[in-house]
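What follows is a set of notes on a single structure, which appears directly below.
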Amino acid sequence: MKLAVRVSAILLLSLSAQAQSKDAATQWRVSQPAWTEYHEEQFGQFVARLGDAVEKRQCGKVNTCMLSTANMYYGTDPSGLKYYSDCADLPYYLRGYFAWKNGLPFSVTAEVKPSPLNTDKVKDVRYSSQGNMVTKRYDVLTKNGIFKNTYPNALEILNDVVPGLTYSATLRMSGSEDAELYTDFYPVKIDRQGIRPGTVIYDPNGHVAVVYKVTDDGRVFYIDAHPDNSLTMGMFTPKFVRSNPNQGAGFKKFRPLSLVDAKQDSSGAYAGGKIVAANNYQLRDYSLEQFYGTQPDSAGWSKGKFLFRGQQVTYYDYIRLSLTEGEAHIDPLKDMAQLTDDICVSLKDRVAAVDAARTSGVAAKPHPERLPVNIFGTEGEWENYATPSRDARLKVAYMDLVTSTRANIEKYKKRDPSIRYNGGNLAQDLFNIYAQKAQACQFSYTTTSGKTVMMNLEAARQRLFAMSFDPYHCIELRWGARIPAELASCQDDANKRSWYEREQWLRNQWERRYDARMDYSLNELTGPIQGVGIANPPDVDIVGYLKSQR
């Protein structure tokens, strides 16, 4: 009997120890009360490793990347962590995870409202015309108890708090430095200190990305997440638009945080106190130049000029030239290769995004009687399976390919010193690179009947404005099929085919308009409406242009 009691006691002690060990594994203990430059560099390395794995296609989802050696803390997590993030959550999720692993302070915006600068009624704070302001914050703090401290649960914070509180509206701010309700981010100077792995890119059209690499020739590469938990990568181009400074678009970094007035306990962790953030004047890379230019103009933010070594350049060229290591110049041939490679990545990523509507059965459903109130920003099945924003960025990428190529050829003709080319026929050499890259960019999609259709970058260009963003269309129409043999397996009825025909006006549009009403019925969608759709698609004929210049 005594032996049984003793064994039971040992088991209880063992179970208690296991429970305490499990609790300790999920605790967020702040052991380093302030973010330093060393921590920022380490955070950048953490992001860079994840980005490199995504670029090499070693992993393609938040969970698969975090549960691999791409995560420098791989194997240290307790069970129960969800490893999920969409685009706006991603920078917060990565920052929070890193802060937890390194015992650092963490705080996020918990509530926002439209800035008083908004004169019109704001229907959705994600797209307020004059940005937002912080009205409440959530701080990760340890409660100081009489007998023992109560540590925050990291799993609850990363699984529920971060995705529950953060969305793109929390980035739509100019960079206020209010002592209590400071913004999470601040705008940075355009240099390799301000733009480096870990820097965030905010697209005012509702997308967020995190920089993981800046190359010697000034190209910025990012990773971004999506509602299906996928992680993709891309190159910074005009896909990320500029907007008025109050919206806070562009490059920004997390404000360094410090825990003050806290007491250190016997375990070395800090309890109590409060979290404070660095003010703008304390940040050596704080700058508003990406909004107003290097030579601001009193006529308005958009009139400011970007001067690089005394020569006026575009905003996007200024970023590249400013980030270039060594002698700053533009190589048109390398530009062509990089831009086509970036488009190729987007096309391959689109394959999985579009196929999800087929495999989930959404594509086989009847078409709803109306479109969402706004096709670019909604929820439910449309948000999860439609691709209007993704497709708009793809259209802008093809447009930029033409625009950049045209600009480089014109600069070369004018003997612009920023252009570096030593060949004899620039247009021909550019055409050769495009043709080679377009052919090399091979991908495929699976038809409704299960057959494989091969495509390449040039085929996608020719179909670009025929590719449907609507998740209720068959996958053949999602890829702009026009050949009868390819379309034969599409099972869309006459009603869904009519929707496809009348959405052409929307497919022609590359600008993502979140301020326009779009919940039209089929009968109402008879042509371009103010702010909704355009009559003719923009020019993306890179082949025709280069042939005309040879």
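Sequential numbering from 1 along the given sequence is applied to the chain's residues.
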What donor-acceptor contacts under 3.5 angstrom involve side-chain atoms of residues 298-310, with partners at least two apart or in another chain?
none

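In this view, Cys87 satisfies the disulfide (SG to SG under 2.5 Å) rule with no residue, not counting sequence neighbours. Qualifying ring pair (Phe, Tyr, Trp, His ring centres under 6.0 Å) partners for Tyr93, counting only residues two or more places apart in sequence or in other chains: none. Among residues two or more places apart in sequence or in another chain, the salt bridge (charged side-chain N to carboxylate O under 4.0 Å, His left out) test is passed with Asp342 by Lys239. Residues that satisfy the side-chain hydrogen bond (donor to acceptor under 3.5 Å, both in side chains) test with Arg513, not counting sequence neighbours, are Asp515. Residues forming a side-chain hydrogen bond (donor to acceptor under 3.5 Å, both in side chains) with Asp429 (at least two apart in sequence, or on another chain): Tyr421.
In this structure, the ring of Trp479 has its center less than 6.0 angstrom from the ring center of Phe443. Taking the six-membered ring for Trp, Phe465 and Trp505 have ring centres at least 6.0 Å apart.
Among pairs with a residue in residues 383-406, none fulfils ring-ring contact (aromatic ring centres under 6.0 Å, His included), at least two apart in sequence or across chains. Among residue pairs with one or both ends in residues 183-206, those qualifying as ring-ring contact (aromatic ring centres under 6.0 Å, His included) are Tyr92-Phe185, Phe185-Phe254; sequence neighbours excluded. Among residue pairs with one or both ends in residues 399-443, those qualifying as disulfide (SG to SG under 2.5 Å) are Cys344-Cys441; sequence neighbours excluded. Under the disulfide (SG to SG under 2.5 Å) criterion, no residue pair touches residues 288-330, with sequence neighbours excluded. Each salt bridge (charged side-chain N to carboxylate O under 4.0 Å, His left out) pair with one or both residues in residues 38-52, not counting sequence neighbours, appears once here: Glu40-Arg95, Asp52-Lys56. Sorted by first and then second residue, the pairs that involve residues 414-426 and meet salt bridge (charged side-chain N to carboxylate O under 4.0 Å, His left out), not counting sequence neighbours, are Glu327-Arg420.
Annotation: cation-pi pair Arg406/Tyr545 present, NZ/CZ under 6.0 Å from the ring centroid and within 45° of its normal.
Relative ring orientation between Phe469 and Trp382 is described as perpendicular, the plane-to-plane angle rising above 60° on a 0-90° scale split at 30° and 60°.
A donor-acceptor contact closer than 3.5 angstrom links the side chains of Asn408 and Asp335.
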Q: Go through the steps for Tyr286 and Tyr281 under the test ring-ring contact (aromatic ring centres under 6.0 Å, His included), then give the verdict.
A: CA-CA 8 Å; Tyr286 169 81; Tyr281 74 88; over 10 Å; no
